[in-house]
2 protein chains.
Amino acid sequence: MGYHHGDLRAALIDAGTELIAEGGLPALSVAEAARRTGVSAAAPYRHFPSRQDFLVAVAAQAAHDLEDAMRSAADGADSDGEHPVAAIAAAAKAYVHFVASRRTGFGVVFAPELRGVHDEGLRDAGRAVSDIILLRAIGATGGDAQVAVDFLPQFMAIVHGCASLNQVGLFNDLDSAADVAADTVCRLVAARASASNSGAVGG
Amino acid sequence: MGYHHGDLRAALIDAGTELIAEGGLPALSVAEAARRTGVSAAAPYRHFPSRQDFLVAVAAQAAHDLEDAMRSAADGADSDGEHPVAAIAAAAKAYVHFVASRRTGFGVVFAPELRGVHDEGLRDAGRAVSDIILLRAIGATGGDAQVAVDFLPQFMAIVHGCASLNQVGLFNDLDSAADVAADTVCRLVAARASASNSGAVGG
DNA sequence: GTCTATAGTAGGATAGAC
DNA sequence: GTCTATCCTACTATAGAC
């Protein structure tokens, strides 16, 4: 083989990202990542002690990219900070698109296989994504932080649900999925803003 | 070994259901199902030509059980047909609980691995679940079928999202996840019912 | 840091005996 | 219909040469 790399570690992470994009988490294989990078199956073990550690590195990269995508979308839709609802809608669409192209989202960032792993990148990215939505939600609902905190899991559930259902083919196309996600979060924000003290239904 | 079964096929499907509940789709293995059922690794192949066919059978069973769970919950919360919103909330909670106990939901019922498979049980169950929600949604929003049709994917996205996020540990406990799902779908129905002709936000 | 070689594990699937 | 035996494949991980 005799291939020489400037940065094998990064190349392997890229290959791993590709593998997940193609076949989901179970398709992440150290051996296949090595094959695609042009090195032997043993080489990756100089950079990652085990498949688990490799997965953590790939997930951290994905989390960072996801944070970037959502932040860019939110900022782009609301450059002056006056349109928090538009920012939330844009972030929702960005999430659905990200998952469609990478097959990676909250499900990988917070993957069960990663429980108990103390990776700074992962934790930070998770909090960063939450902050992107939280800040806008506070702005969109009139400054009530508690309402925003309640809205956060709803936002995550909706965008993750749309992204997942899109993956299994329940939407006609990607744009439909993204539109449903954006429309739904907007409806919820609107309902919250107009009646932020109404009780929850269906206990 | 020499084990004798009245219905090995059914026993294998039960074992397969257990495997998925424990480790998700990738944990479904013909060999392991055989082991747990007390037969040789070759025995299942008398009943299922391949792992794929085995998966279809397990998924069909899951779809049937899911339909049952959601229908029972909806009927139980609305025995007289006068409380469609309560029925929708109950179905939402039932979905989250079902996924928590079985690790199977829309993601398996409509699994990518099953694309193009023409299994009657799967198709029927998918439509049945849709109907459970559609009928109640029409009742809850004042008889507007189009609003109900639009609401269906939102319902699915929300309950699936809550169930998935619960699996990766983003809720404090199962009841919180189910409550968020029920609360969110109720808020949406309420918003739809009060303003069924409002335009969608965030195009 | 990367290679070759190898041990160990596990699953999918088939052939042929009973 | 089930068994034993077997083949093939693929991946994780390690040892030791370069």
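Not measured: the values here are computed from a predicted model. Note on naming: letters A, B, ... go to the chains in the order of the sequence lines (proteins, then strands), and numbering restarts at 1 for each one.
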(Q) Taking the basic N atoms (NZ, or NE/NH1/NH2) and the acidic carboxylate oxygens, is any pair closer than 4.0 Å for A:E120 and A:R123? (A)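 Here A:E120 does not pair with A:R123 in a salt bridge, since their nearest N and O are not under 4.0 Å apart.
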
Q) Would A:D183 and A:K93 pass as an ion pair if we require N to O under 4.0 Å? A)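 Not counted as a salt bridge, because no side-chain N and carboxylate O are separated by less than 4.0 Å.
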
Does [N] have OP1 or OP2 under 4.0 Å away from a side-chain N or O of [X]?
X	N	answer
A:R35	D:dC11	yes
A:R46	C:dC3	no
A:S29	D:dA10	no

Using whole Å, what does the distance between atom [atom2] of nucleotide [N] and atom [atom1] of [X] come to?
X	N	atom1	atom2	answer
A:D7	C:dG1	CG	P	10 Å
A:F48	D:dC11	CZ	C1'	17 Å
A:L8	C:dC3	CG	C1'	13 Å
B:E32	C:dA13	CD	P	16 Å
B:L25	C:dG11	CG	P	16 Å

Of the options [options], whose atoms approach the side-chain atoms of [X] most closely?
X	options	result
B:A42	C:dC3, C:dT14, D:dC11	C:dT14
A:Y45	D:dT12, C:dT4, C:dA13	D:dT12
A:S40	C:dT14, C:dC3, C:dG11	C:dC3

Q) Out of B:V109, B:L122, B:D119, B:V108, which residue meets the side chain to side chain contact (heavy atoms under 4.5 Å, CB included) rule with B:L114? A)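 Answer to the side chain to side chain contact (heavy atoms under 4.5 Å, CB included) test with B:L114 among B:V109, B:L122, B:D119, B:V108: B:L122.
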
Q.
Assess, by modelled atom type and distance only, whether the side chains of A:S50 and A:D53 contain a donor and an acceptor separated by less than 3.5 Å.
A.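 The answer is yes; a qualifying pair exists.
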
Q: Mind listing the closest non-hydrogen atom pair of B:A148 and B:A137 along with its distance?
A: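 Heavy atoms only, the tightest pair is CB-CB, 3.7 Å.
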
Q: For A:R9, report the nucleic acid contact type (base, sugar-phosphate, nothing); a contact means any heavy atom under 4.0 Å.
A: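 The answer is nothing, as A:R9 stays clear of every strand by at least 4.0 Å.
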
Q: Could you tell me whether B:A43 contacts a base, only the sugar-phosphate backbone, or nothing, with contacts defined as non-hydrogen atoms closer than 4.0 Å?
A: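 Sugar-phosphate contact only.
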
Q: Please list residues of residues 49-57 of chain B whose heavy atoms come under 4.0 Å from any atom in DNA chain C, ordered by number; otherwise none.
A: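 Residues of residues 49-57 of chain B that come under 4.0 Å of DNA chain C are, in numerical order, B:S50, B:R51.
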
Q | Short side-chain to backbone donor-acceptor contact, B:R71 and B:I132, under 3.5 Å | A |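 No, B:R71 side chain to B:I132 backbone: no donor-acceptor pair under 3.5 Å.
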
Q) Is A:S101 reaching over with its side chain to a backbone N or O of A:F98, donor-acceptor style, under 3.5 angstrom? A)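 Judged by distance alone, yes, a pair lies under 3.5 Å.
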
